[in-house]
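Each remark here refers to the structure printed beneath this line.
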Amino acid sequence: EEEFHKAFDELLVTLNITEPFFLVVQGFLVGSYGLTWALKNSNKLLKVAILNSPLTVSSPVPGVFKQLRFPLVGEFTCQNAILAERFIEAGTC
């Protein structure tokens with residue numbers, strides 16, 4: 001994870017990305033690393049889109065994401081359009 005974070009920071013420097021940006025994370029391993037990078041570098045981001053990335057019991061995540069750790073609650077939360085809309089608009093629930 002630390003190697004990924006370091007490499008991603010180096011990529012941002014190489015690409016001269018200095019303004020906050022939208023980050024899309026996807027997949028099981030890299031998606032998790034991208035999420036932990038996002039949590040440590042929230043000042044560099046405008047928004048985060050999460051596609052098919054797992055959240056584990058040890059994931060240090062805020063708000064509604066904590067509910068997604070539990071299979072039945074997570075499945076319900078992901079399919080609850082009103083909760084999803086509030087989350088997207090407000091950033092957390």
Side-chain angles (χ1 to χ4, degrees):
E1 184 173 332
E2 282 183 37
E3 291 176 24
F4 174 88
H5 291 182
K6 182 180 176 191
F8 191 65
D9 286 330
E10 291 172 0
L11 175 65
L12 295 175
V13 169
T14 300
L15 296 175
N16 195 30
I17 297 175
T18 58
E19 298 292 320
F21 60 95
F22 285 62
L23 177 67
V24 178
V25 296
Q26 187 276 328
F28 288 95
L29 184 59
V30 177
S32 295
Y33 293 169
L35 286 173
T36 56
W37 183 91
L39 288 169
K40 293 177 183 177
N41 296 278
S42 61
N43 62 319
K44 297 179 182 180
L45 300 172
L46 292 173
K47 298 282 181 181
V48 177
I50 305 167
L51 308 171
N52 195 30
S53 296
L55 298 172
T56 65
V57 173
S58 62
S59 297
V61 294
V64 73
F65 284 137
K66 290 181 182 179
Q67 297 174 16
L68 300 178
R69 293 178 179 159
F70 305 104
L72 295 177
V73 174
E75 290 171 21
F76 175 76
T77 304
C78 292
Q79 295 178 23
N80 182 330
I82 295 170
L83 183 58
E85 184 176 328
R86 274 193 275 150
F87 176 79
I88 292 167
E89 290 177 357
T92 66
C93 287

*Which residues pass the side chain to side chain contact (heavy atoms under 4.5 Å, CB included) test with E1, sequence neighbours left out?*
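Side chain to side chain contact (heavy atoms under 4.5 Å, CB included) check on E1 returns H5, Y33, T36, K40.
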
Side chains of residues 7-23: which donor-acceptor pairs under 3.5 Å do they make with residues two or more places apart or in other chains?
| residue | atom | partner | partner atom | Å |
| --- | --- | --- | --- | --- |
| D9 | OD1 | W37 | NE1 | 2.8 |
| T14 | OG1 | E10 | O | 2.9 |

*What heavy-atom pair brings A38 and V48 nearest, and what distance separates the two atoms?*
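In terms of heavy atoms, the two residues are closest at CB-CG2, 4.1 Å.
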
